[in-house]
Amino acid sequence: MATFAKPENALKRAEELITVGQKQEALQALHDLITSRRYRAWQKTLERIMFKYVELCVDMRRGRFAKDGLIQYRIVCQQVNINSLEEVIKHFMHLATERAELARNQAQALEEALDVEDLEADKRPEDLMLSYVSGEKGKDRSDRELVTPWFKFLWETYRTVLEILRNNSRLEALYAMTAHRAFQFCKQYKRTTEFRRLCEIIRNHLANLNKYRDQRDRPDLSLPESLQLYLDTRFEQLKVATELSLWQEAFRSIEDIYGLMCMVKKTPKASLMGVYYGKLTEIFWMSSNHLYHAYAWLKLFSLQKGFNKNLSQKDLQLIASSVVLAALSVPPYDQSYGASHLELENEKERSLRVANLIGFEVEPKAENRVALEFLAVSPFQLSRSSLLSELVSKGVMSCVTQEVKDLYHLLENEFLPLDLALKVQPILNKISKLGGKLSSVSSVPEVQLCQYVPALEKLATLRLLQQVSQVYQTIQIDNISKMIPFFDFTAIEKISVDAVRRNFLAIKVDHMKGAVFFGKQSIEAEGLRDHLSLFAESLSKARTMIYPPAKKAAKLGDALSNLAEIVEKEHKRLLARKSIIEKRKEEQERLLLEMERVEESKRRELQKMTEDAEQKRIAAEYEQRRSQRILKEIEDRELEEAQAMLQEAEKRSKRKKKPILEGEKMTKQVIMELALNEQLRERQEREKKLQKYAKTMDHLERAKREEAAPLIEAAYNQRLAEEAALHEREQQQEVELSRQRHAGDLEEKKRLGRMLENKRILQERVVSSREAEFSRLKQERRERISQIIQSRKQEREARRKMLFFLRTEEERQKRLQEEEEARKREEAERRKKEEAERQAKLDEIAEKQRLRMIELEEKERREKEEGLRKPAVLPRPAEPPALGRPTELGGAAPVPAAAAAAPAAGKYVPRHLRGNVDAAGQAPPPETDRWGGTGSKPDDRPSWRDERKPTSFGSSGSRTSWSSSRR
């Protein structure tokens, strides 16, 4: 990575590398400089470097390098000089567009040029081989090699610029201009895929703008200028989508406009709304949604009538006629009849969505609410009947042409079952000729009423069939075909099937009998009920006209019978009115006080704003004086430069210059204007020469054509005579061949006529055999169905028995399990009770032993005290009989046999003689301490108590018995 002390050095280095043909190294050097962190402060040199950098990127088609450089340059000049970034981006787009156009022109020139060496040879061998191998024509190959790469780069340029300028409030105008140029690119070259991607990119930019609201320099859509730019972009997107016939993308553009308006809760201008509804009519017509198409036309008519005062009466009449014809084109039956619940829910949701788009239901401000009244539409009123009633109520019928009025009257009000179509046909012929281009003030450029003729012919057919079904039960097919001149009977039958499916007609067609049968109608049918009610109303009106009702004289008593009640009611009403007036006065006083407070706050704010404005004015005057001083210095410096340039220009120029008056102010601009005037004069001289040369060539070409005209006329007459003779010969041959074919056809008909009877016999035989086969198959099917029913009944019975057995076995197992658990619980309770009783007995025995031990210890203590009082050793008393160790249940254990071999009771054995006794074969009793242990003391010397009492009593808690120590 090369480092430069100054940015100018990098620019010079790049120009040197470009001069020697190393553009890649020059681009890399400039890229390193732009992405370096050393040059983060904006200066004029960086702008020149960026111009050179984008030129290299365009020349080498390096879109990724261009994107990185523009992003870094945006960081540099975002807060300092954003106009510099705008100039660089404009230059970048201009270069990319220019190179793409140049490549396209080169491809066309290569296609038109004569590029062969030998005029007698059609193609060179290598060209033939290349065409056969590649399988493409010369134009396709040249487009792929020259035009396609530059178009890809131009598309990448638009994407890069939009990505850099997105969500930048200072470059909103450039963003909108780039989007418009990208739309025109897609429109000019029919790039539908790129147009869809472009729409998605712009849609994502707006979504991110709403998602990340804490960004710095993000556009504020509440500002009128920003909102207008975004709206213009969406409307341009809508126009291009309709011109490219991308109707789905156009509908999404409509939704984008509606979402943008809901976001800012503002209404566009009337001109934009006219374009909005005009495009909606096209979208709904292409999608065959005639109802929504008619509602869009109604909104457009209301908008044009209410806001476009320059619209002529003829244009308004054409628009009103389109509204009425669009409403009549809506099918008269319910399209959702017979649909499933899911389809009905989807249709309801779609109707609500489209009604919002048509009605544009945005919560307006109080001052804009009157201007938006024409946009209010209830989503649940989208029906043909409500639409027609709205046409009448809004006075649309008063603006239409006479032909449309007559057609509406015939199709909606008249009852002409026999000649309805015959009367409608000439009116439709007149309507098909109406229409044309409207004036420039209209939002719709052109209105063609002929597009509604097929739908109106279908409606007239349905109305005629409906009226005929109310009068006739059966009618011949030929009569229906004569009554409906629009279609043949096949088309009529398709229309009837659709009407029957929608429950609009009850009709059956019998081609064998050549008749049409209509459904039977009782006296309570809807059609007859309407006719009877109308007939009754007409008779009532006639009777009223013949016998007018007599007027009864009013009596004063009847009028004054309830006078007291009326007075009471009037008194209550006056009291209520008085209380209402008092409340209104209080409310008015409160509002006055509130208005005074608001006025006071406004006055304070105005005073504060005045003070702020005065401070700003003082600061602005200071800045103005400072800027004037700087401008004066700049002008002086430019004057010096202009004088130097003038002297240098006089030295270089060979032509005699116009003398400059003394004291004339010469600036750089004046010098440039003088140079431009000189160039303009030279260009005009060259153009005059070219015009003179073109005139000479024109005369020459005219003379050549005058000489060639008689020769061309003679050749034409000769060719005309030859073709007339050839036509006569071919006509004679065709007549002769037709006669021969006709004679052969007559012979063939005579020969095949003898087989007619055999054909009938064969047909009867085949029909009878097929009927027998059908009866046999029907009987077999019945038997098979009965067998299947029987087998399924047996299976159900077996399954029912198995379920009963399983349920019974499960209940039995559950019952056994519950009994086993109850038995275990009883056993556990019994064991617990026995354990408690045993523990109680053990505790009682232990308590008895403890009491006996306490008594023995007390007795020993007394004996010890007596022994201490008597110094002489007394003879040892007889030892009490040893008690055995208590058993587990409290009984005394038997005394071991070793205890019987002990020395005689009452005889004292000294310590030094105890070993002899052991040697004699008599085991001495073990020496125990007071805790019942043997040899527990360190010196193994028993106390005097141990010698006297070798037996101790133990308890279950702490002490052990003598017998246990012996063991």
Side-chain angles (χ1 to χ4, degrees), residues 18-19 51 55 58-59 87 90-124 127 137-139 141-143 145-147 150-151 154 181 184-185 187-189 440 641-662 664-719:
I18 293 171
T19 306
F51 279 132
E55 289 175 2
V58 172
D59 194 16
E87 294 297 328
K90 285 182 179 179
H91 185 62
F92 179 44
M93 289 194 297
H94 173 70
L95 291 176
T97 307
E98 188 177 10
R99 292 301 296 270
E101 290 293 334
L102 181 61
R104 181 166 169 267
N105 295 333
Q106 287 178 358
Q108 291 179 356
L110 287 175
E111 191 65 25
E112 297 172 358
L114 184 62
D115 192 15
V116 290
E117 297 176 358
D118 188 2
L119 294 177
E120 295 181 358
D122 293 337
K123 288 186 178 181
R124 293 179 297 177
D127 293 338
K137 299 180 180 179
K139 184 177 186 306
R141 190 160 50 250
S142 63
D143 288 346
E145 293 175 356
L146 296 176
V147 182
W150 282 109
F151 276 14
L154 181 58
R181 293 180 66 174
Q184 293 303 320
F185 166 77
K187 173 186 172 183
Q188 183 179 359
Y189 301 110
S440 59
E641 294 177 358
Q643 291 176 356
M645 289 174 63
L646 183 60
Q647 294 175 2
E648 186 178 356
E650 288 177 355
K651 292 178 182 179
R652 290 198 307 266
S653 177
K654 298 179 181 179
R655 187 180 298 273
K656 184 178 180 180
K657 293 289 182 180
K658 178 182 176 181
I660 300 174
L661 298 177
E662 187 67 26
E664 184 178 357
K665 186 175 182 181
M666 298 299 297
T667 61
K668 192 181 292 185
Q669 185 68 24
V670 173
I671 299 298
M672 291 178 65
E673 288 179 358
L674 291 174
L676 288 175
N677 291 332
E678 184 67 22
Q679 293 178 2
L680 181 62
R681 191 182 61 79
E682 294 177 358
R683 190 184 302 115
Q684 288 176 355
E685 291 179 357
R686 288 197 301 269
E687 288 178 356
K688 287 180 181 179
K689 291 180 182 180
L690 288 175
Q691 288 177 1
K692 184 176 179 181
Y693 181 71
K695 188 174 182 181
T696 304
M697 295 299 296
D698 188 15
H699 284 278
L700 179 62
E701 184 67 22
R702 184 181 301 170
K704 288 167 60 178
R705 293 189 180 184
E706 287 178 355
E707 292 294 329
L711 300 177
I712 295 173
E713 182 69 22
Y716 171 72
N717 293 331
Q718 182 181 357
R719 179 67 178 274

Visitor: Quick one: which residue pairs count as a side-chain hydrogen bond (donor to acceptor under 3.5 Å, both in side chains) with a foot in residues 694-708, not counting sequence neighbours?
Guide: Glu701-Arg705
Visitor: Roughly how far apart are Leu95 CG and His91 NE2, rounded to 0.5 Å?
Guide: 4.0 Å
Visitor: How close do Asp59 and Trp150 get, counting heavy atoms only, and between which atoms?
Guide: O-CH2, 4.2 Å
Visitor: With rounding to the nearest 0.5 angstrom, report the CD to CD distance, Glu682 to Gln684.
Guide: 10.5 Å
Visitor: Do you know the tightest heavy-atom contact between Phe151 and Arg104?
Guide: CZ-CD, 4.0 Å
Visitor: Just so I know, are the side chains of Arg181 and Thr97 near enough to count as touching, which here means a heavy-atom distance under 4.5 Å?
Guide: yes
Visitor: According to side chain to side chain donor-acceptor pair (under 3.5 Å), who are the partners of Glu101, at least two apart in sequence or on a separate chain?
Guide: Tyr189
Visitor: Could I get the full list of salt bridge (charged side-chain N to carboxylate O under 4.0 Å, His left out) partners for Arg683, not counting sequence neighbours?
Guide: none
Visitor: In the structure I gave you, are the side-chain heavy atoms of Met697 and Tyr693 within less than 4.5 Å of one another anywhere?
Guide: yes
